[in-house]
Each structure stands twice: as C-alpha cells, then as structure tokens.
Amino acid sequence: MAGLETTGSNPDVGLLYDINGLTATAPDWVDRVVTIAGEYGLILALVLLTVWTWWRVRRTDCREEAAGAVAAVVWAPLAAGIALLVNIPIRGFVGRPSPAEQHRGIEELVAVRGDFSFVSDHATLAMALAVGLFIAHRRAGLAGIALAVLLGFSRVYLGVHYPTDVIGGLALGTAVALLLSPLASALLTPLTKLIARSAKVGRLVWSPKGTRGEAGSVEEEWEQEQGRERQEDGVRQESGAVGVSRRRDRDLAA
C-alpha cells in the first residue's frame, strides 16, 4: 500500500469501525436494505432522477433556455464516466487495500473483487452525476447530492471502503463535474440547440409548456414558434428594405 495509514490510531480507521460496527446490532433486514441500496439502489435512483430532470428542464417556453439546461443534463452522465476514468490511475497509484484486508473485525457485507479501495468508484460516480444535475436544476441537484452522500455512508457501513475513500470520491466527482462544465457546455449547447430546431426530434430538447386542451399539442406549439420566428425575420427584412428605399429617395432628392 502507498500513502495512506491503516493503523487503529488513525481517526479514519476509528470512524470505519464505528460505522461498520453498526452491523453488529442492526437487524438482518437493515443489512439487506443497505446492501441493495449501496450496490445498486441509490445509483438507480440517481439515474431515474437524471431522467426526471431531463423531462423537467425541457418543459419551458424558451427554447434557448431548454437547450442549455438539457446540455447540462447530458453532461451529468458524461462527467460521471470521465470521473471514473480519472480514478483508474489514482487507485493504481495509491494502491490502498480494502479495509477487511487490513483490519480484524470488519464485517464485509459485500464481496470485494480484489480492487483497491481509494478512491471509491461508487462515490465518485454518484457525486459527479449529482453535481452535473445541480448545474442543470438546483433542486434535483440537491436531491442527487444527498443521495450521493448516503451512498458514500453505505459503502463504509458495508465494510468495503474507508471514510476517506468516500470523501475522496465525492471530491473527485465534484471537481470533474465543475471544472469541465464550461468546456462541456460550449460543446454540447450548440448541439442541443440544433436538435431543438428539428421538427422530428426537437422534443428531446424542447417541449413548450401547456396541455392539449390549453395550448394545443407540442407539434402545434413548435410550429407556432417557427411561424413567429419567420414572421420576425420577415419584419426585419421588410424594415431593412424600407430603410434602403428611404436612403435612395433622399439621395435622389439631393
């Protein structure tokens, strides 16, 4: 192992024993629930939250606003994937074994597949996804961050990570999602704007508010928006033509 202590005097290890020690008195059903949540459940909840956020942010009257928000939602899973890739060399460099390999009395509720402990992949993925959602939609992002922190706690409870493994994962996910967000926005927003202007797939990015009984179908609203844009373009062109005609008349009069 490189770089991180594993002795009992380390507060990181002490907190590991405190949290993992809860398994000794917890009912079996609690262990099963935490195991399912810590392995798959909370990640699935974040994925569903991402889908809901995409559905929510596209429902706006402003196409430009919808395109920017959807671009941020698209960035969230991309940030999670990039953060996991960044973590690969970090795990290999630190080379920290799992807690059960270093300490007696650790109740490992999930089998570790011979992988290093620092940084936690689960915490990294969850936090990158949550922070990406926060950029797109504040309330969804806050809910996602809460889920990511809960996921990190569950990984310590399951005995597969030290607390600092989780903290490092949360920090790494946050850093990747925030630092690369401006570049991602610059690349993704023009694409989502282009998609939003399409009559066939535009609803993936922009779906104006209103029901069929109130404001008509989404297709009708899209056509109305296109009609307004064409009308505005016509007005601008007509204004330009009138200006040119007036200048010509003044020149002739002179």
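Please read all numbers here as calculations on a predicted model, not as lab measurements. When a residue number appears, it is its place in the shown sequence, counting from 1.
In this structure, the side chains of P163 and V166 stay at 4.5 Å or more apart for every pair of heavy atoms. Counting heavy atoms from C-beta on, the side chains of W75 and I82 come closer than 4.5 Å.
Residue pairs meeting the salt bridge (charged side-chain N to carboxylate O under 4.0 Å, His left out) criterion with at least one member in residues 120-134, sequence neighbours excluded, are R91-D121. Sorted by first then second residue, the side chain to side chain donor-acceptor pair (under 3.5 Å) pairs that include residues 123-136, not counting sequence neighbours, number zero.
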(request) Would you sort out whether R96 and Q102 count as a side-chain contact (heavy atoms from CB on, under 4.5 Å), showing the intermediate values? (result) CA-CA 10 Å; R96 189 183 205 183; Q102 298 291 317; over 6 Å; no
(message) Test side-chain contact (heavy atoms from CB on, under 4.5 Å) on I88 and L85; report intermediate values, then the result.
(response) CA-CA 5 Å; I88 293 175; L85 291 177; 4.1 Å; yes
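In the hydrophobic cluster analysis, where Ile, Leu, Val, Met, Phe, Trp and Tyr join through side-chain heavy atoms closer than 4.5 angstrom, L22 is grouped together with L16. Tracing side-chain contacts under 4.5 Å through hydrophobic residues (I, L, V, M, F, W, Y), one reaches W29 starting from V110; they form part of the same cluster. Note on L78 and L125: separate hydrophobic clusters, where clusters join Ile, Leu, Val, Met, Phe, Trp and Tyr whose side-chain heavy atoms are under 4.5 Å apart, directly or indirectly. Under the 4.5 Å side-chain heavy-atom criterion for grouping Ile, Leu, Val, Met, Phe, Trp and Tyr, Y162 is not connected to I167 through any hydrophobic cluster.
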Side-chain donor-acceptor distances from residues 183-195 under 3.5 Å, at least two apart:
residue, atom, partner, partner atom, Å
S185, OG, T189, OG1, 3.3
T189, OG1, S185, O, 2.8
T192, OG1, A67, O, 2.9
T192, OG1, L188, O, 3.4
T192, OG1, T189, O, 2.9
K193, NZ, E64, OE1, 3.1

For residues 126-150, tabulate all N or O donor-acceptor pairs below 3.5 Å that involve a side-chain atom, not counting sequence neighbours.
residue, atom, partner, partner atom, Å
H137, ND1, A140, N, 3.2
R138, NH1, F134, O, 2.6
R138, NH1, I135, O, 3.4

Side-chain donor-acceptor distances from residues 151-161 under 3.5 Å, at least two apart:
residue, atom, partner, partner atom, Å
S154, OG, L151, O, 2.6
R155, NH1, G38, O, 3.2
R155, NH1, E39, OE2, 2.5
Y157, OH, D31, OD1, 2.6
H161, ND1, S117, O, 2.9
H161, ND1, S117, OG, 3.3

Would you tabulate the side-chain donor-acceptor contacts of residues 43-55 under 3.5 Å, counting partners in other chains and residues two or more places apart, or write 'none'?
residue, atom, partner, partner atom, Å
T50, OG1, L46, O, 2.8
T53, OG1, L49, O, 2.7
W54, NE1, L204, O, 2.7

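Under a 3.5 Å cut-off, the side chain of D12 and the backbone N or O of T164 do form a donor-acceptor pair. A donor-acceptor pair under 3.5 Å is absent between the side-chain atoms of N87 and the main chain of L84, judged by distance alone.
To the nearest 0.5 Å, atom OG1 of residue T23 and atom CD1 of residue I106 are 8.5 Å apart.
The one candidate from L15, V13, N20 that meets the side-chain contact (heavy atoms from CB on, under 4.5 Å) condition with Y17 is V13.
Seen from the ring of W206, R58 does not count as a face-on cation partner, given the 6.0 Å and 45° thresholds.
The minimum heavy-atom distance between I90 and V86, with the atom names listed, is CG1-O, 3.6 Å.
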